[in-house]
Protein chains: 2
Amino acid sequence: MANEKVTSNDVARLAGVSQSAVSRYFTPGSSVSKKTSEKIRVAAEQLGYRPNILARSLITGRSRIIGLVVAYLENYFYPEVVERLSKVLQEQGYHVLVFISSPASASENVDQITQEILDYQVDGIVLASASMSSELAARCHAHGVPIVLFNRSQDDERLSAVTSDNRAGGRKLAELLLSLGHEKFGYIAGFEGASTQRDREAGFLEGLAAAGKSLYRRSVGNFRYEEAQAAARRMFGSDDRPDAVFVCNDHMAFAVMDVLRFELGLEIPQDVSVVGFDDVPPARWPAYNLTTIRQDVDAMVAETIRTLMRAIDNGDDQARRVTLDGTLVVRGSTRKCPATSN
Amino acid sequence: MANEKVTSNDVARLAGVSQSAVSRYFTPGSSVSKKTSEKIRVAAEQLGYRPNILARSLITGRSRIIGLVVAYLENYFYPEVVERLSKVLQEQGYHVLVFISSPASASENVDQITQEILDYQVDGIVLASASMSSELAARCHAHGVPIVLFNRSQDDERLSAVTSDNRAGGRKLAELLLSLGHEKFGYIAGFEGASTQRDREAGFLEGLAAAGKSLYRRSVGNFRYEEAQAAARRMFGSDDRPDAVFVCNDHMAFAVMDVLRFELGLEIPQDVSVVGFDDVPPARWPAYNLTTIRQDVDAMVAETIRTLMRAIDNGDDQARRVTLDGTLVVRGSTRKCPATSN
DNA sequence: ACCAAGATTGCATACGTATGAAAGGTACGA
DNA sequence: TCGTACCTTTCATACGTATGCAATCTTGGT
């Protein structure tokens with residue numbers, strides 16, 4: 001419990017220079033002579049001094065903290081995001097402060113959390129799988145704190161957002177299933193309020209419509225494993241079942257596949273083709289081997305950070321909406337060719 | 001970009017009181033009269049004032065930030081930890097600053113990261129799946145920053161640690177497999193430097209030894225999916241293969257099961273029983289249905305926080321080592337009864 | 001040797017808050 | 001009425017750093 005707080009003053013005293021010199025030594029781009037640099041380096045080393053980021057940020061107005069709001073890490077898309085985002089920010093001298101928003105009380109909860117985030121004087125906010133009231137968005141804006149919606153967009157045009165092209169992804173999946181000769185299409189939806197849900201479904205329907213087809217069955221899984229199981233039971237419990245199903249994300253697709261195989265005794269893809277969205281790691285595990293749309297997490301993270309930094313460094317005020325391509329990854333959960341159908 | 005910074009001074013001016021009064025209003029347990037309280041409440045509300053945590057922590061020495069070092073979120077045990085830990089800390093007014101340590105350069109990396117953590121004046125550090133040099137541990141100690149090792153222990157007795165009883169868990173698994181009549185035991189190890197790896201293996205061997213048995217095959221998977229696949233190929237590639245295998249954690253067990261089933265055409269549990277450790281969510285998904293030891297994340301998180309808070313609030317200096325029971329969860333990856341064996 | 005321009009340094013102050021000490025206010029009993 | 005004790009409030013200062021400004025030192029050209 002020895003309170004061995006070392007300040008720039010201690011270093012200055014030991015090195016025989018002023019406190020400002022020490023401060024300058026630790027501020028890249030400041031002018032310090034070789035000689036004093038060396039004295040300070042030695043003294044700082046000896047005392048084990050490191051600048052206090054909090055004190056620094058009090059005066060610079062920059063905390064080098066990015067607030068990340070995330071709702072549920074059960075969907076293994078998000079752990080990847082947290083890891084990549086933290087890692088890349090870390091390399092740039094920033095760090096991530098995590099806020100978990102119970103998906104329960106949706107946006108009200110996010111608003112409260114965002115208040116807490118602002119208390120930490122963060123330099124930016126990343127909202128993953130969570131939306132926020134536009135009133136609060138305005139407030140962040142007023143504080144000069146940039147916000148980036150990650151894997152989510154919102155009507156408010158003043159908010160930056162980085163997403164995959166969910167609509168195009170849905171369309172690609174429809175086209176794939178059509179090309180394989182499927183006829184009866186099921187869709188298992190995520191949480192209805194989510195833009196990913198809306199866009200993926202819209203794209204899928206669009207793709208079907210282009211071939212004169214439409215949805216045969218629809219059910220809601222709310223992005224949750226258990227609810228997706230229940231949805232699958234409803235959709236496939238009777239005999240007039242779809243012969244192909246698009247599940248709004250991989251996480252739910254696993255639940256659907258498990259029900260089809262282990263409860264209903266159906267074969268994938270012989271009896272039903274299943275496609276998902278995200279390409280989380282288990283999708284390529286042989287147990288699932290799921291055909292899906294890959295969201296390029298690295299690219300999404302890179303764009304997110306680019307957006308943040310542009311706002312932080314250049315005070316770039318205007319919203320930036322980036323939509324990245326998702327690539328279709330065909331695996332074993334869809335049948336091989338149209339010939340063997342029905 | 002309007003820089004609408006509202007300070008306690010602004011509130012004070014509007015409310016017609018002193019800045020200290022405002023500060024006291026926002027400090028629980030301070031004495032403020034009903035009348036001024038009300039004036040401040042109104043003024044603060046009107047201006048949208050919230051105390052600046054960073055400025056506050058500069059003077060109180062408490063940042064209400066907990067640093068979390070985590071190596072890899074691919075193992076789905078850790079996302080659960082991050083989520084629970086953040087959530088519970090959040091309820092107590094603390095927040096989690098995330099640091100990802102590349103598992104690559106192990107402890108050297110952690111040391112550097114810990115330096116960065118200290119720069120943020122965190123109130124405590126949780127080290128999950130990462131070890132740290134005792135030199136640096138001493139330094140944190142000197143700074144009065146408590147450290148808790150999560151799911152990891154270390155020889156240094158001055159470090160607090162929260163773990164499951166990995167040894168007992170390993171033993172339970174050995175006893176289960178023995179009771180099912182297995183004879184040839186395989187073990188797929190995690191990263192050799194990890195205490196969980198050592199303890200789980202030790203317990204397993206201990207359990208086997210108690211029945212006069214020993215290991216038939218051993219291979220290393222380093223806690224990684226791909227390496228575990230390779231290990232499984234080596235171990236089960238030839239005909240004289242084990243009839244049961246303990247994989248050091250669930251994450252690797254999935255890889256092993258996938259190889260056994262989809263590359264080698266073996267049936268689980270008819271040909272081989274597989275057991276893991278952790279009970280991450282996919283373990284109970286029907287595709288794996290894995291027999292494993294459940295680590296009680298909630299309890300571990302609760303103990304971690306208790307340990308931290310004891311140190312932070314009471315300045316409790318001494319290390320606290322908590323070991324929690326893990327419960328055996330028998331599922332379908334192990335054969336049902338000894339009768340049908342061999 | 002001298003001067004100007006540039007580089008380096010120190011001084012003083014500011015960032016937004018908490019808090020000990022002192023001053024002011026209130027209530028109550030004698 | 002006065003004095004005491006207690007509750008509120010304000011004043012002043014401190015936390016650890018960054019930075020404008022003025023002062024000082026270097027450097028190089030003449």
Side-chain angles (χ1 to χ4, degrees), chain A residues 3-41 43-44 47-65 93 118-123 143-145, chain B residues 3-41 43-44 47-65 93 118-123 143-145:
Chain A
N3 218 344
E4 181 192 296
K5 285 260 182 194
V6 180
T7 76
S8 55
N9 267 306
D10 300 330
V11 176
R13 203 171 309 123
L14 179 60
V17 299
S18 73
Q19 181 267 329
S20 345
V22 177
S23 169
R24 292 205 165 89
Y25 174 77
F26 284 97
T27 307
S30 271
S31 76
V32 193
S33 73
K34 273 250 184 279
K35 209 188 311 177
T36 51
S37 270
E38 187 56 18
K39 287 195 286 187
I40 294 173
R41 197 187 59 72
L47 297 177
Y49 169 78
R50 311 206 83 209
N52 179 332
I53 293 198
L54 268 39
R56 167 179 291 174
S57 56
L58 183 56
I59 188 159
T60 60
R62 298 280 180 80
S63 61
R64 305 199 79 85
I65 296 177
L118 291 177
D119 293 350
Y120 281 94
Q121 314 295 116
V122 298
D123 293 342
H143 279 249
V145 179
Chain B
N3 219 342
E4 181 192 296
K5 285 260 183 196
V6 180
T7 76
S8 55
N9 267 306
D10 299 331
V11 177
R13 203 171 310 124
L14 179 58
V17 299
S18 74
Q19 179 267 329
S20 347
V22 178
S23 169
R24 293 211 157 85
Y25 174 77
F26 283 97
T27 307
S30 272
S31 76
V32 193
S33 73
K34 273 253 184 278
K35 209 188 312 177
T36 51
S37 270
E38 187 55 19
K39 286 194 288 187
I40 294 172
R41 198 188 58 72
L47 297 177
Y49 169 78
R50 312 206 81 207
N52 178 334
I53 293 197
L54 268 38
R56 167 180 292 174
S57 57
L58 184 57
I59 188 160
T60 61
R62 298 281 180 79
S63 61
R64 304 198 81 84
I65 296 177
L118 290 178
D119 294 350
Y120 281 95
Q121 314 296 113
V122 298
D123 292 343
H143 279 249
V145 178

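Below, read A as the first sequence line, B as the second, and so on, with proteins coming before strands; counting in each chain starts at 1.
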Would you indicate what [X] reaches in the nucleic acid, counting non-hydrogen atoms under 4.0 angstrom: base, sugar-phosphate, or nothing?
X       : result
B/Val32 : sugar-phosphate
A/Val17 : sugar-phosphate
A/Ser23 : base
A/Ser31 : base

Would you state whether a donor and an acceptor, one from the side chain of B/Arg24 and one from the base of D/dT10, lie under 3.5 Å apart?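 Such a pair exists between side chain and base.
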Suppose we call a contact any N or O donor and acceptor under 3.5 Å apart; does that hold for the side chain of A/Ser20 and the base of C/dC11?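 For A/Ser20, whose side chain was compared with the base of C/dC11, there is a donor-acceptor pair (under 3.5 Å).
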Please report the distance, rounded to the nearest Å, between [atom1] in [X] and [atom2] in [N].
X        : N      : atom1 : atom2 : value
B/Asp10  : C/dC15 : CG    : C1'   : 13 Å
B/Arg13  : C/dT17 : CZ    : P     : 12 Å
A/Gln19  : C/dT9  : CD    : C1'   : 12 Å
B/Glu38  : D/dT8  : CD    : P     : 16 Å
A/Gln121 : C/dC15 : CD    : P     : 14 Å
B/Arg56  : D/dG16 : CZ    : P     : 18 Å
B/Leu54  : D/dC15 : CG    : C1'   : 13 Å
B/Asp119 : D/dG16 : CG    : P     : 15 Å

Pairwise 5' ranking along DNA chain D for A/Ile53 and B/Lys34, keeping only the more 5' one: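 It is B/Lys34, whose closest nucleotide lies nearer the 5' terminus.
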Please figure out whether B/Leu58 or B/Ser37 has its closest DNA chain D nucleotide nearer the 5' end.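 Its nucleotide being nearer the 5' end, the pick is B/Ser37.
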Would you compute the distance between atom OG of B/Ser18 and atom CZ of B/Arg24 and round it to the nearest 0.5 angstrom?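 Reported to 0.5 Å precision, the distance equals 7.5 Å.
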Rounded to the nearest 0.5 Å, how far does CD1 of A/Ile40 lie from OG of A/Ser23?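 Atom-to-atom, A/Ser23:OG and A/Ile40:CD1 are 9.5 Å apart.
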Are OP1 or OP2 of [N] and a side-chain N or O of [X] less than 4.0 angstrom apart?
X       : N      : answer
B/Thr36 : D/dT9  : yes
A/Ser33 : C/dT9  : yes
B/Thr60 : D/dC15 : no
B/Tyr49 : C/dT17 : yes
B/Thr7  : C/dG16 : no

Under 3.5 Å, side chain of [X] to main-chain N/O of [Y], donor-acceptor pair present?
X       : Y        : value
A/Ser63 : A/Gln121 : yes
B/Arg50 : A/Asp119 : no
A/Arg64 : A/Gly93  : yes

Side chain proximity check, A/Pro51 to A/Tyr49, heavy atoms < 4.5 angstrom: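 A/Pro51 reaches A/Tyr49 side chain to side chain.
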Start at the 5' end of DNA chain C and walk down; is the nucleotide closest to B/Asn52 or to A/Ile59 reached first?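 The residue closer to the strand's 5' end, by nearest nucleotide, is A/Ile59.
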